[in-house]
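Note that this is a predicted model, so its numbers are computed, not measured. Along the sequence shown, the residues carry numbers beginning at 1.
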Amino acid sequence: DFSSKAFWDSRFQQEEHFEWLAAADVLTDKVASALQQQDPLKARILHIGSGTSTLSNSLRTRLVPSLISNPRNIVNLDYSELAIERGRQLELQEFGSIEMSYTVADLLNYSSLEASLHKIFDMPLLVNLVVEKSCADAISCGPDITTQVTQPENIITVAPTVALALHLSRITKSGSKWIALSYSKYRFDFLNPDS
């Protein structure tokens, strides 16, 4: 079950590096284009489901310092602590230092997401861009989620990808972008294509 933390923890015990769907650098030009109008001192990227991909390293190589002034503003987030440790190791191997940010959170639990990001930045953390390779695909395999929309009285049950989108909307700036690589062209049909 791709939505299970136990599945990912087990997988990452064996896996040191894996690229979902395409090469690590497949999204770097799209990310760079999306950041062109941003202030490099304030630009922040959230890479969700970072796993053992080297996409983060590709982003650091391509974006720092021209589009993001500080590699710390590239935040790598995963469900599994072991995946985060592998990500740190991959960055250290490639650059000789660990300068990007890493955190563990359950993207389907807003309190978990908020708390993990608060450890890195002063809140409210608002990111300019979310990037992922097949994270929403894995999340979509799980059951519907009961989540709070904005106020305690606004509790709804929705598909996991809808919950993911709702949670990401709460930590992104107005006009932010979500760049996703998915195996399904229908993954985000619930989103308004004009937004």
Side-chain angles (χ1 to χ4, degrees), residues 5 8-107 112-136 138-139 164 167-168 171-173 176-181:
K5 186 174 185 320
W8 293 108
D9 286 340
S10 175
R11 180 182 175 124
F12 292 135
Q13 287 178 0
Q14 308 296 323
E15 181 179 287
E16 293 186 20
H17 173 250
F18 185 80
E19 296 300 336
W20 288 96
L21 305 178
D25 62 355
V26 69
L27 298 177
T28 53
D29 285 342
K30 290 189 182 312
V31 171
S33 177
L35 291 175
Q36 287 295 324
Q37 303 304 316
Q38 302 294 327
D39 177 351
L41 295 173
K42 297 178 182 176
R44 292 182 175 154
I45 294 175
L46 179 62
H47 177 197
I48 60 172
S50 56
T52 59
S53 169
T54 56
L55 173 58
S56 298
N57 288 353
S58 294
L59 293 173
R60 179 176 166 183
T61 297
R62 173 71 169 82
L63 305 176
V64 176
S66 61
L67 295 171
I68 292 187
S69 63
N70 186 341
R72 180 176 183 264
N73 289 339
I74 300 173
V75 180
N76 300 290
L77 183 147
D78 202 278
Y79 204 21
S80 170
E81 179 65 47
L82 190 49
I84 291 300
E85 185 52 39
R86 296 273 193 258
R88 286 185 182 110
Q89 291 169 2
L90 290 167
E91 183 182 12
L92 182 61
Q93 288 170 2
E94 185 164 335
F95 299 103
S97 64
I98 299 172
E99 296 183 32
M100 291 184 283
S101 299
Y102 295 86
T103 191
V104 175
D106 178 353
L107 289 165
S112 170
L113 175 60
E114 183 180 46
S116 72
L117 295 176
H118 188 62
K119 291 176 188 175
I120 299 170
F121 298 108
D122 293 330
M123 290 306 275
L125 169 71
L126 296 176
V127 297
N128 305 82
L129 189 135
V130 176
V131 64
E132 56 132 324
K133 284 176 49 183
S134 213
C135 179
I139 285 173
L164 172 63
H167 296 167
L168 291 176
I171 55 98
T172 52
K173 293 181 181 181
S176 294
K177 304 238 186 274
W178 180 0
I179 298 175
L181 183 62

Response to the item:
Closest heavy-atom pair, L168 versus T172, reported as atoms and distance to 0.1 Å, is O-OG1, 3.0 Å

Fill in: L164 vs W178 side-chain heavy atoms within contact, under 4.5 Å
yes

Discussion item. Distance check, rounded to the nearest 0.5 Å: D39 atom CG versus S69 atom OG?
Written reply: 7.5 Å

Worksheet item: Would you call D106 and Y79 a side-chain contact if the rule is heavy atoms closer than 4.5 Å?
Response: yes

Item to complete: Output the distance between atom OG (S134) and atom CD1 (I139), rounded to the nearest 0.5 Å.
Response: 10.0 Å

Discussion item. So does G51 get a backbone contact from the side chain of D78, meaning a donor-acceptor N/O pair under 3.5 Å?
Written reply: yes

Fill in: I74/E99 under side chain to side chain contact (heavy atoms under 4.5 Å, CB included): CA gap, chis, key distance, verdict
CA-CA 9 Å; I74 300 173; E99 296 183 32; over 6 Å; no

Fill in: Value rounded to 0.5 Å, distance of CZ in R44 from CD1 in I171
10.5 Å

Practice prompt. Quick one: closest heavy-atom pair of S116 and V104, and the distance?
Written response: CB-O, 3.2 Å

Item to complete: Would you mind reporting whether E85 and Y102 have side-chain heavy atoms less than 4.5 Å apart?
Response: no

Practice prompt. With the side chain counted from C-beta on, respond yes when I48 and L46 share a heavy-atom pair under 4.5 Å apart, and no when they do not.
Written response: yes

Discussion item. Is any side-chain heavy atom of L129 closer than 4.5 Å to one of Q38?
Written reply: no

Worksheet entry | Backbone N/O of L117 and side chain of T103: donor-acceptor pair under 3.5 Å | no

Fill in: Donor-acceptor contact below 3.5 Å, side chain N57 vs main chain E94
no

Practice prompt. Would you mind telling me which of R60, R86, R72 makes a salt bridge (charged side-chain N to carboxylate O under 4.0 Å, His left out) with E91?
Written response: R60

Fill in: Rounded distance (nearest 0.5 Å) linking atom CD of Q37 with atom CG of L67
10.5 Å

Discussion item. Counting neighbours of NZ on K173 that are heavy atoms of other residues, nucleotides or ligands and sit closer than 6.0 Å, is the number greater than 12?
Written reply: yes

Worksheet item: For the atom pair CZ (R88) and OG (S101), what is the distance rounded to the nearest 0.5 Å?
Response: 9.5 Å

Practice prompt. Kindly give the heavy-atom pair with the smallest separation between N128 and A43, and that separation in Å.
Written response: OD1-CA, 3.2 Å

Worksheet item: Do the non-hydrogen side-chain atoms of L55 and S50 ever get within less than 4.5 Å of each other?
Response: no

Worksheet item: If you look at every heavy atom in L113 and A105, which pair is closest and at what distance?
Response: CA-CB, 3.9 Å

Could you tabulate the donor-acceptor pairs under 3.5 Å formed by side-chain atoms of residues 21-36, not counting sequence neighbours?
residue : atom : partner : partner atom : Å
T28     : OG1  : D25     : O            : 2.9
D29     : OD1  : R62     : NE           : 3.3
Q36     : NE2  : A32     : O            : 3.3

